[in-house]
Engineer: 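Questions regarding the structure given below will be posed in turn.
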Amino acid sequence: MACTAVVLCAMGLLGGTATAAYADPGPGSGVGRDAGGDAKNGGDAKSDDAKGGGSAAAEDKRLDDVRKEIEDLYRKAEQATDAFNGAREQVELQQKEIVKLARNIDSTQQKLAVLKRRAGALASAQYRDGGLPPEARLMLGDDPEGFLDDATLVRKGQQAVKGVISQLARTKGDLEGYSKAATERWKVLEENRKKKESAQQDIKKKIDAAKDLESRLAAKEKDRLKKLEEDQAFLKQQKWLDSGALKEISGKASEQGKKAISFATSQIGKNYVWGAAGPDTFDCSGLTLRAWQAGGETIPRTSQEQWHQLPRVALKDMRPGDLIIYFADASHVGMYLGDGAIVHAPRPGRQVTITGAGSMPILGIVRPDK
């Protein structure tokens, strides 16, 4: 946590004395938040605007528009990534169920074959012993007692035949049920495969468009674009801190939470890749999934399912290790570290990093270890 605090102080994401050292950037100022006040840089920016007739401000606006467009594309790609992950999870589940049903069908067919042979043997025995009706055999027989014994055996044989026929009918019903279930599972599997392929194409389209936008920028513009992203994150985090939200949060991490945090923070610097869940690359929910596996809990694969299935807690009760779900569609997730910070996998082109918990719109908090 001490390491986290140092990083956050350096980024200007903590409240109190940490944020007091940074001046809020003015609209279009292009001014970095330097601990020394950055008066010189501010003067240079004004001078540049005066010389260029506002060209610097216009350039900042153009880059900010590009930033918004790129962020929008990556947000839509992240929504599609969640759909892709969900469909892929369902495909894997349906495949397992189909394999299980196939095994049931095979064993039931073998059982059915055995029962058919047994029923055939019993039917043949009955046919051989049929002949005269029971009354005639009693009248003509030399051994009435033996006949009665035989009659008892015949009744048992008849009961056995009925039992085999009944079992045969049940087994046939089971086989038909398994076959019908397998057909339905196969249809669902194909539907989820199509959803997965559609989401995959959508993701690629959005990411390619965002990368194309970035590729058109010069090196200095790319640096400035990254700076604009950081400025926006800072302003949103500061607004969240100013709301007093952090003052109410004082929970301590559980033992499982500490293990999950340790795993997540050890991934810092690894690339975001959509659909990835380690060990070398992660998407946002892939990181939280693996982190909590390290903490001893199995949680859903996607941020949307993490939001729907895990127990929710109030913001004031949040503790390190909890997951913060972002945006109205629950399409992003990060792990709370304490001191107003999260670790998360942001988007393509970025790496697993620490940022302010309030730098994105919070939907709610869920707790994997209950």
Engineer: Assess whether atom CZ of R62 is packed by more than 12 heavy atoms of other residues, nucleotides or ligands within 6.0 Å.
Structural biologist: yes
Engineer: Looking at every heavy atom in both F263 and S266, which two are closest together, and how far apart are they?
Structural biologist: O-OG, 2.6 Å
Engineer: Does K76, at its NZ atom, have more than 12 non-hydrogen atoms belonging to other residues, nucleotides or ligands within less than 6.0 Å?
Structural biologist: no
Engineer: For the residue pair R75 and F327, would you count it as a cation-pi contact if the rule is NZ or CZ under 6.0 angstrom from the ring centre and within 45 degrees of the ring axis?
Structural biologist: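 Positive - R75 is close enough to the ring of F327 and near enough to its axis.
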Engineer: Mark yes when over 12 heavy atoms from residues, nucleotides or ligands other than K187 sit less than 6.0 Å from its NZ; otherwise mark no.
Structural biologist: no
Engineer: Is D223 salt-bridged to K227, cutoff N-O under 4.0 Å?
Structural biologist: no
Engineer: Does the cation-pi check pass for R312 over W307, that is, NZ or CZ under 6.0 Å from the six-membered ring centre and within 45° of its axis?
Structural biologist: yes
Engineer: Do the charged groups of K68 and D72 touch, with an N to O distance under 4.0 Å?
Structural biologist: no
Engineer: Would you compute the distance between atom CD1 of I324 and atom NE2 of H344 and round it to the nearest 0.5 angstrom?
Structural biologist: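 Rounded to the nearest 0.5 Å, the CD1-NE2 separation comes to 10.5 Å.
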Engineer: Got a sec: does the NZ of K236 have more than 12 other heavy atoms crowding it under 6.0 Å?
Structural biologist: yes
Engineer: Backbone N or O of D329 within a donor-acceptor pair of the Q304 side chain at under 3.5 Å?
Structural biologist: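 At least one qualifying donor-acceptor pair exists.
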Engineer: Taking all heavy atoms of S107 and all of N104, pick out the closest pair and write down the distance.
Structural biologist: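 It is OG-O, 3.1 Å.
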Engineer: Inspect the contact between R347 and E229 and indicate whether a charged nitrogen and a carboxylate oxygen are less than 4.0 angstrom apart.
Structural biologist: yes
Engineer: Report yes if some heavy atom in the side chain of W274 is under 4.5 Å from a heavy atom in the side chain of K204; otherwise report no.
Structural biologist: no
Engineer: Using modelled atom types only, decide if a donor and an acceptor are shared between the side chain of Q351 and the backbone of Y272 within a distance under 3.5 Å.
Structural biologist: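 No; zero donor-acceptor contacts below 3.5 Å.
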Engineer: Does some side-chain heavy atom of R185 sit less than 4.5 Å from a side-chain heavy atom of K96?
Structural biologist: no
Engineer: Got R290 and Q267 here, is their nearest side-chain heavy-atom distance under 4.5 Å?
Structural biologist: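 Not touching, per the 4.5 Å side-chain cut-off.
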Engineer: Could you tell me if the side chain of K239 sits less than 4.5 Å from the side chain of L235, heavy atoms only?
Structural biologist: no
Engineer: Quick one: list whatever passes side chain to side chain donor-acceptor pair (under 3.5 Å) with K259, sequence neighbours left out.
Structural biologist: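 Per chain and number, K259 pairs via side chain to side chain donor-acceptor pair (under 3.5 Å) with no residue.
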Engineer: For A264 and V343, work out which heavy atoms get closest and say how close.
Structural biologist: CB-CG1, 3.7 Å
Engineer: Just how far is it from atom CG of D317 to atom OG of S250, taken to the nearest 0.5 Å?
Structural biologist: 8.5 Å
Engineer: With clusters defined by side-chain heavy atoms of hydrophobic residues (ILVMFWY) lying less than 4.5 Å apart, directly or transitively, does V366 cluster with V333?
Structural biologist: yes
Engineer: Kindly give the heavy-atom pair with the smallest separation between L246 and G340, and that separation in Å.
Structural biologist: CD1-N, 3.4 Å
Engineer: Examine distances only and state if a side-chain atom of K270 and a backbone atom of P279 form a donor-acceptor pair shorter than 3.5 Å.
Structural biologist: yes
Engineer: For G321 and I261, which heavy atoms make the closest approach, and how far apart are they?
Structural biologist: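 That closest heavy-atom pairing would be N-CD1, 3.6 Å.
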Engineer: Quick one, R67 and E71 - any side-chain contact, counting heavy atoms below 4.5 Å?
Structural biologist: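 Side chain of R67 against side chain of E71, heavy atoms only: contact under 4.5 Å found.
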Engineer: Please report the shortest heavy-atom distance between S285 and S303, naming the atom on each side.
Structural biologist: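 So the two residues come closest at CB-N, 3.5 Å.
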Engineer: Hey, are the side chains of I362 and Y326 touching, using non-hydrogen atoms and a 4.5 Å cut-off?
Structural biologist: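 Sidechains of Y326 and I362: in contact.
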Engineer: With no hydrogens and no angle check, do the side chains of S254 and D369 hold a donor and an acceptor under 3.5 Å apart?
Structural biologist: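 There is such a pair (donor and acceptor under 3.5 Å, judged by atom type) between the side chains of S254 and D369.
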Engineer: Does any donor atom in the side chain of Q306 or T288 lie under 3.5 Å from an acceptor atom in the other side chain?
Structural biologist: yes
Engineer: Are side-chain heavy atoms of L228 and R224 found at a separation under 4.5 Å?
Structural biologist: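 Yes - at least one pair of side-chain heavy atoms lies under 4.5 Å apart.
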Engineer: Measure the CD1-CG distance between I203 and D208 for me, rounded to the nearest 0.5 Å.
Structural biologist: 11.5 Å
Engineer: Within the distance-only criterion (no hydrogens, no angle test), does the side chain of E297 pair as donor or acceptor with the backbone N or O of W292 below 3.5 angstrom?
Structural biologist: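 Checking the backbone N and O of W292 against the side chain of E297, no donor-acceptor pair under 3.5 Å is found.
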Engineer: Taking the side chain as every heavy atom from C-beta outward, state whether K211 and Y74 have any pair of such atoms under 4.5 Å apart.
Structural biologist: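 Answer yes - side chains close enough.
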Engineer: For the atom pair CD1 (I365) and CG (L323), what is the distance rounded to the nearest 0.5 Å?
Structural biologist: 10.0 Å
Engineer: Under 3.5 Å, side chain of D322 to main-chain N/O of R319, donor-acceptor pair present?
Structural biologist: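 Indeed, once roles are kept as given, a pair shorter than 3.5 Å links the two residues.
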Engineer: When you measure from the side chain of S198 to the backbone of K194, do you find a donor-acceptor pair of N or O atoms at a distance under 3.5 Å?
Structural biologist: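 Absent.
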